[in-house]
Trainee: 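This is the structure I want to talk about, given as structure tokens.
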Amino acid sequence: MNHHYCPLCFAEIPIGVENCPACGRNIEAWERQTPYYDRLIWALKNPHSEVRMGAILSLANQNHAEAAGPLAECAMSYPVDVIQGLAVIRAIKSVPDSPEKVSALQGLSHHAAHAVRVAAEEALNTSTSLRLA
């Protein structure tokens, strides 16, 4: 039997179900009413790394400075996923310079993975506008 996952509570549900049996929400209505950017931010909490990675890559193209915080939170929530952590750094580097970006990179400079810490520190040190912030 084919399944997919509720985009709200991430419960496994059969394909074609209108309302999630776990959380009761109308999936199609939520997807229709929730802006794409907000759905990407929500997807950063998905337990499946492939979904999170898709959201990370898409957020890199959205050009929203406020995405830096949720991206950093995602990387910190999954400290063993170094590839994801590095993708988060690349995504954060692509957003406009802002206090959110600085704060996110500073937080990631304390990540459990050495490679992520180094990448965050390099991102902070290579941007003149971030150094002055």
Trainee: Evaluate the side chain to side chain contact (heavy atoms under 4.5 Å, CB included) criterion for residues L8 and C20: first the C-alpha distance (whole Å), next the side-chain angles of each, then the deciding distance (0.1 Å), finally the verdict.
Mentor: CA-CA 9 Å; L8 293 139; C20 173; over 6 Å; no
Trainee: Counting only N and O atoms by type, is there a donor-acceptor contact under 3.5 Å from the side chain of R117 to the main-chain atoms of L108?
Mentor: no
Trainee: Atom CD in E66, atom NZ in K101: separation rounded to 0.5 Å?
Mentor: 13.0 Å
Trainee: What about I41 and Y36, same hydrophobic cluster or not, with Ile/Leu/Val/Met/Phe/Trp/Tyr joined at side-chain heavy-atom distances under 4.5 Å?
Mentor: yes
Trainee: How many angstroms lie between CZ in R25 and SG in C23, if you round to the nearest 0.5 Å?
Mentor: 6.5 Å
Trainee: Are C74 and Q84 side-chain neighbours, meaning at least one heavy-atom pair lies under 4.5 Å?
Mentor: yes
Trainee: What pair of heavy atoms forms the shortest contact from A104 to A72, and how long is it?
Mentor: CB-CB, 3.7 Å
Trainee: Nearest 0.5 Å, please: how far is CD in E122 from CG in L105?
Mentor: 11.5 Å
Trainee: Does CD in E28 sit with more than 12 non-hydrogen atoms of other residues, nucleotides or ligands closer than 6.0 Å?
Mentor: no
Trainee: For P7 and W30, which heavy atoms make the closest approach, and how far apart are they?
Mentor: CB-CZ3, 3.5 Å
Trainee: Provide the closest heavy-atom pair for C6 versus C9 in the form atom of the first, atom of the second, distance.
Mentor: SG-N, 3.4 Å
Trainee: Under 4.5 Å between any side-chain heavy atoms of L71 and I89, yes or no?
Mentor: no
Trainee: Could you tell me if the side chain of E73 sits less than 4.5 Å from the side chain of M76, heavy atoms only?
Mentor: no
Trainee: Hydrophobic cluster membership, with links at side-chain heavy-atom distances under 4.5 Å among I/L/V/M/F/W/Y: are V116 and V95 in one?
Mentor: no
Trainee: Quick one: CD1 on I15 to OH on Y5, what's the gap to the nearest 0.5 Å?
Mentor: 10.5 Å
Trainee: So do the side chains of H4 and I13 get within less than 4.5 Å of each other, counting heavy atoms only?
Mentor: yes
Trainee: Indicate, with yes or no, if I56 and L86 share a hydrophobic cluster defined by side-chain heavy-atom contacts under 4.5 Å among Ile, Leu, Val, Met, Phe, Trp and Tyr.
Mentor: yes
Trainee: Can you say whether the rings of F10 and W42 are parallel (under 30°), tilted (30 to 60°) or perpendicular (over 60°)?
Mentor: parallel
Trainee: Does L124 form a side chain to side chain contact (heavy atoms under 4.5 Å, CB included) with Q106? I'd like the steps, not just the answer.
Mentor: CA-CA 8 Å; L124 280 168; Q106 287 172 338; 3.8 Å; yes
Trainee: So do V88 and I92 actually touch side chain to side chain, heavy atoms under 4.5 Å?
Mentor: yes
Trainee: Between E50 and H48, does any side-chain donor sit less than 3.5 Å from a side-chain acceptor?
Mentor: no
Trainee: Would you confirm whether H64, through its side chain, and Y37, through its main-chain N or O, come within 3.5 Å as a donor-acceptor pair?
Mentor: no
Trainee: Identify the heavy atoms of L40 and Q62 that sit nearest to each other, and give their distance.
Mentor: CD1-CG, 3.9 Å
Trainee: Checking S94 side chain against A60 main chain: does a donor-acceptor pair fall under 3.5 Å?
Mentor: yes
